[in-house]
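In the text below, chain A, chain B and the rest are named by the order of the sequence lines, each starting its count at 1.
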Amino acid sequence: MQLYNTLTRRKEPLAPREPGHISMYVCGMTVYDYCHLGHARVMVAFDVISRYLRERGYNVTYVRNITDIDDKILKRAADNGESIEALTERMIAAMHEDEARLGVLPPDREPRATGHVDAIIAMIRVLIDKGYAYPAANGDVYYRVREFADYGKLNNRDPDDMRSGARVDVDDHKEDPLDFVLWKAAKPDEARWPSPWGDGRPGWHIECSAMSTGCLGNTFDIHGGGPDLTFPHHENEIAQSEAATGQTYVNTWMHAGAVRVDEEKMSKSLGNFFTIRDVLVEHDPEVVRYLLVASHYRSPINYSVDSLSEARRSLTRLYTALENIDPEPEPVSLSLAEPSSGHARRFAEAMDDDFNTPEALAVLFELTRELNRARANDTADVPRLAGELRALGGVLGLLSQSPATFLKGETALDEANIEAQIARRAEAKAARDFATADSIRDELAAQGIILKDSREGTRWVVQSSSG
RNA sequence: GGCUGGAUGGCAGAGUGGUGAUGCAGCGGACUGCAACUCCGUUAACGCCGGUUCGAUUCCGACUCCAGCCUCCA
């Protein structure tokens with residue numbers, strides 16, 4: 001397998017530290033608000049990655065943290081007049097709900113910053129002892145960036161070129177403007193933990209260093225996150241972790257592409273974000289997931305109503321091929337490490353190449369065509385092909401619902417009435433009263449119900465208003 | 001200004017040194033009472049200028065434009 005490594009800026013063969021086992025840490029959410037589509041992209045991207053690695057035979061330990069103490073959380077809780085804990089618990093529950101609806105499997109571990117303050121303090125202490133950090137007079141503790149020779153290696157940045165003051169806050173308490181905070185002294189009435197440097201709370205970057213190495217060891221295989229985390233967050237994680245342990249922190253850095261709206265980056269700070277739950281009011285979660293998987297995980301994608309309806313039409317083609325399979329699709333065991341069929345092999349080749357999901361989807365469509373052909377000819381391959389389509393789709397977290405559910409939607413339609421209309425139309429057709437038959441079909445069409453005649457009778461699907 | 005990445009047919013989106021991505025849309029045909037679904041066929045692309053090569057969309061260089069990061073952000 002080949003994985004693109006942000007650190008080296010090229011694809012490299014996957015070489016797990018421990019044969020057959022992959023340790024993966026992904027930066028998760030700061031839980032002060034609902035998740036938006038940018039979060040969805042990261043969750044889905046690494047969900048697909050972990051699913052595929054497992055399908056490929058690796059034993060994966062997937063850790064994704066929750067940042068549950070942070071300036072934005074303090075502010076939001078105060079604005080809402082609720083406790084920090086009430087806010088974060090509410091948002092964590094919402095996040096779990098959102099990801100479940102998107103078909104994202106839970107990570108193996110979900111450590112929270114507030115649950116690892118001891119480990120954070122211990123790491124800061126090591127950094128101070130080694131001369132990489134210093135307590136300041138105001139009670140903060142800072143990381144001494146100039147002390148870490150490799151600083152900037154992830155982003156190809158030279159500290160000497162990062163003109164102090166340009167966009168970095170000049171802070172009297174720092175020795176150097178590039179230094180960043182490891183421990184933040186608590187102001188009166190702020191949430192606090194005791195520490196050797198006074199009451200306070202962890203800085204943002206240090207929690208990931210402490211939790212990732214705590215869960216996975218000083219060196220692990222894959223570290224992932226959103227596109228905007230490469231600097232400074234991940235650069236700082238490297239500085240902290242490698243200074244503290246003296247070992248390589250991460251072998252492969254992986255970053256998802258940005259989600260844009262109207263050609264502008266979607267972000268909380270710009271306020272142009274769509275929350276997952278808002279989008280799911282109008283759209284099937286699997287359509288959203290399809291949209292996210294239809295582009296390579298590193299490419300930027302533009303979110304729009306049009307792109308969603310196109311995703312829906314594409315997914316409809318896959319589900320249509322699986323509709324009313326008789327006999328039932330065969331359960332297929334894929335064994336993607338040594339694929340048996342041509343489709344599985346090409347699917348695996350695509351995914352082996354840095355998780356090329358668009359190419360993998362192309363294989364699903366080719367399989368779909370073959371399945372449709374087999375159905376038209378009534379060949380014995382139908383259950384096997386259908387089972388294979390389902391199984392390969394499942395690796396991407398797609399095709400998980402029944403075709404009828406997807407195609408007919410969750411609408412509160414009176415199915416008995418629809419069937420009665422269809423029966424009435426069948427009678428009219430039998431009597432060659434096509435005017436009546438067509439008017440019945442038109443009436444149903446006006447309600448968004450599309451009829452499809454076949455040898456076995458008439459089936460119907462709902463044409464989504466959103467495409 | 002610095003650092004990354006990108007520019008592919010009407011749209012979305014992979015990929016490749018010489019032949020078909022794929023999906024949606026279009027066109028022709030089959031199926032159908034007519035449609036829808038499906039199938040068969042088909043149109044159509046590689047930002048710009050140089051270089052390497054028998055041959056470049058693919059490799060190299062310049063240029064133009066776009067995006068992300070450099071500030072909390074997934």
Side-chain angles (χ1 to χ4, degrees), chain A residues 4 6 9 26-30 32-33 35-43 45-46 67 70-72 75 152 154-158 160-163 166-169 204 224-233 235 255-260 263-270 273 290-291 294-296 298-302 304 306-307 309-318 320-321 323 346 350 353 356-366 368-369 371-373 375-377 407 428-429 432-435 437-438 441-442 445 449-455 458-461 463 467:
Chain A
Y4 183 86
T6 309
R9 288 179 295 284
V26 172
C27 288
M29 263 51 78
T30 300
Y32 72 102
D33 204 347
C35 293
H36 59 57
L37 286 174
H39 299 115
R41 182 156 203 210
V42 172
M43 295 192 293
F46 288 98
T67 299
D70 158 89
D71 288 357
K72 293 185 293 299
K75 181 172 188 309
L154 180 65
N155 292 272
N156 203 18
R157 241 169 247 199
D158 182 348
D160 290 333
D161 291 340
M162 297 165 68
R163 301 303 304 159
R167 297 183 85 169
V168 180
D169 280 342
W204 175 38
D228 38 19
L229 296 184
T230 54
F231 194 91
H233 185 55
E235 195 69 57
H255 294 92
V259 175
R260 290 191 278 161
E263 307 304 332
E264 188 175 43
K265 184 190 165 184
M266 161 159 46
S267 73
K268 286 182 176 175
S269 50
L270 289 174
F273 61 92
Y290 182 96
L291 176 68
S295 297
H296 185 86
R298 281 190 282 117
S299 307
I301 57 175
N302 195 46
S304 69
D306 284 351
S307 60
S309 26
E310 192 181 319
R312 175 166 192 94
R313 282 193 293 269
S314 300
L315 194 52
T316 297
R317 177 169 165 80
L318 299 178
T320 301
E323 198 187 7
R346 284 192 297 129
D353 182 13
N356 191 336
T357 51
E359 187 82 38
L361 279 180
V363 175
L364 294 197
F365 282 105
E366 283 160 24
T368 294
R369 188 189 308 280
L371 171 59
N372 283 332
R373 224 179 289 153
R375 294 190 68 173
N377 298 329
L407 295 168
K429 277 174 68 180
R432 302 196 65 78
D433 177 3
F434 295 121
D438 287 352
R441 184 170 64 195
D442 291 346
I449 292 156
I450 307 300
L451 299 187
K452 304 196 286 189
D453 292 341
S454 73
R455 278 171 297 180
T458 298
R459 288 175 286 143
W460 57 275
V461 299
Q463 183 178 50

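Each of Asn302(A), Ile301(A), Leu361(A) was compared with Ser295(A) under the side chain to side chain contact (heavy atoms under 4.5 Å, CB included) criterion, and only Ile301(A) meets it. A side chain to side chain contact (heavy atoms under 4.5 Å, CB included) with Glu235(A) holds for exactly one of Thr230(A), Leu154(A), Leu229(A); it is Leu154(A).
One N or O donor and one acceptor, one from the side chain of Glu310(A) and one from the base of G23(B), sit under 3.5 Å apart.
To the nearest whole angstrom, the two C1' atoms, one in G2(B) and one in C24(B), are 41 Å apart. C27(B) and A67(B) have their C1' atoms separated by 36 Å, with the value rounded to a whole Å. Between A25(B) and G10(B), the distance separating the two C1' atoms is 7 Å to the nearest Å. A7(B) and C60(B) are spaced 14 Å apart, taking the P atom of each and rounding to whole Å. A gap of 26 Å separates the P atoms of A21(B) and A30(B), to the nearest Å. Rounded to whole Å, the C1' atom of A62(B) lies 10 Å from the corresponding atom of G51(B). The P atoms of G13(B) and U38(B) are separated by 23 Å, rounded to the nearest whole Å. Straight-line distance between the P atoms of G20(B) and G9(B): roughly 16 Å, to the nearest whole Å.
Distances shorter than 4.0 Å separate none of the side-chain N or O atoms of Lys75(A) from OP1 or OP2 on C72(B). Remark: Asn156(A) is in phosphate contact with U4(B), judged by side-chain N or O atoms under 4.0 Å from OP1 or OP2. Proximity of Ser299(A) to the phosphate of A14(B): a side-chain N or O atom is located under 4.0 Å from OP1 or OP2.
We find that CG of Leu315(A) is positioned 12 Å from P of C24(B), with the value rounded to whole Å. When the C1' atom of U22(B) is taken as reference, atom CZ of Phe365(A) falls 7 Å away, rounded to whole Å. Atom-to-atom, CD1 of Ile301(A) to P of A14(B) comes out at 10 Å; the value is rounded to the nearest Å. Nucleotide C11(B) holds its P atom 13 Å from the CG atom of Asp306(A), rounded to whole Å. Look at CG on Asp33(A): it is 15 Å from P on C73(B), rounded to the nearest Å. As a whole-Å value, the separation of His255(A) NE2 from C69(B) P is 13 Å. Here the C1' atom of nucleotide C66(B) and the CG atom of Asn302(A) are 13 Å apart, to the nearest Å. With rounding to whole Å, Gln463(A) atom CD is found 14 Å from C24(B) atom C1'.
With a cut-off of 3.5 Å on both pairing distances, the Watson-Crick or G-U wobble partner of C27(B) is G41(B). With both pairing distances under 3.5 Å, A74(B) is matched to nothing as a Watson-Crick or G-U wobble pair. When both pairing distances are held under 3.5 Å, U16(B) makes no Watson-Crick or G-U pair with any nucleotide shown. Across the strands present, A21(B) finds no partner; the criterion is a Watson-Crick or G-U wobble pair with both atom distances under 3.5 angstrom. With both pairing distances under 3.5 Å, C65(B) is matched to G6(B) as a Watson-Crick or G-U wobble pair. A36(B) is unpaired under the criterion used here, namely a Watson-Crick or G-U wobble arrangement in which both key atom distances are under 3.5 Å. If you check G50(B) for Watson-Crick or wobble pairing at under 3.5 angstrom, you find it paired to C60(B).
Taking CG of Asn156(A) as the start and CZ of Arg9(A) as the end, the distance is 4.5 Å to the nearest 0.5 Å.
Stacking of Arg317(A) on the aromatic ring of Phe365(A) is not recorded, the 6.0 Å distance cut-off and the 45° axial limit not both being met. Judged by a 6.0 Å distance limit and a 45° cone about the ring axis, Arg157(A) is positioned over the six-membered ring of Phe231(A).
Remark on RNA chain B: of its neighbouring residues Ala294(A) and Tyr290(A), the 5'-side contact belongs to Ala294(A), judged by nearest-heavy-atom nucleotide. Two residues, Pro358(A) and Glu366(A), neighbour RNA chain B, and the one matched to the more 5' nucleotide by heavy-atom proximity is Pro358(A).
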### Query
side-chain hydrogen bond (donor to acceptor under 3.5 Å, both in side chains) between Thr6(A) and His255(A): does it pass, once the steps are laid out?
CA-CA 7 Å; Thr6(A) 309; His255(A) 294 92; 2.8 Å; yes
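Between C73(B), G13(B), U22(B), one nucleotide has an atom nearer to the side chain of Ala362(A) than all others, and that is U22(B). Of the candidate nucleotides G2(B), U4(B), A12(B), U4(B) has the atom nearest to the side chain of Arg9(A). Nearest nucleotide to the side chain of Arg157(A), out of C69(B), G23(B), A67(B): C69(B).
In terms of heavy atoms, Arg455(A) sits closest to Arg375(A) at NH2-O, 4.3 Å.
Contacts of Ser307(A) with the nucleic acid, taken as non-hydrogen atoms under 4.0 Å apart, are absent. Among the protein residues, Lys72(A) comes within range of the sugar-phosphate backbone only, with heavy atoms under 4.0 Å from sugar or phosphate atoms but none that close to a base. Within the nucleic acid shown, Met43(A) has no heavy atom closer than 4.0 Å to any nucleic acid atom. Within 4.0 Å (heavy atoms only), Gly257(A) reaches at least one base atom of the nucleic acid. Contact annotation for Val26(A): no contact, since no heavy-atom pair falls under 4.0 Å across all strands.
Between the Asp70(A) side chain and the Lys72(A) main chain, a donor and an acceptor come within less than 3.5 Å of each other. Remark: side-chain polar atoms of Asn356(A) are not paired, donor with acceptor, to backbone N or O of His296(A) under 3.5 angstrom. Within the 3.5 Å criterion, the main-chain N or O of Asp453(A) finds no donor-acceptor partner in the side chain of Arg459(A).
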## Note on the structure
Per-nucleotide protein contact along nucleotides 32-44 of chain B, 5' to 3', at a 4.0 Å heavy-atom cut-off (B base, S sugar-phosphate only, - neither), is -BBBBSSSS----
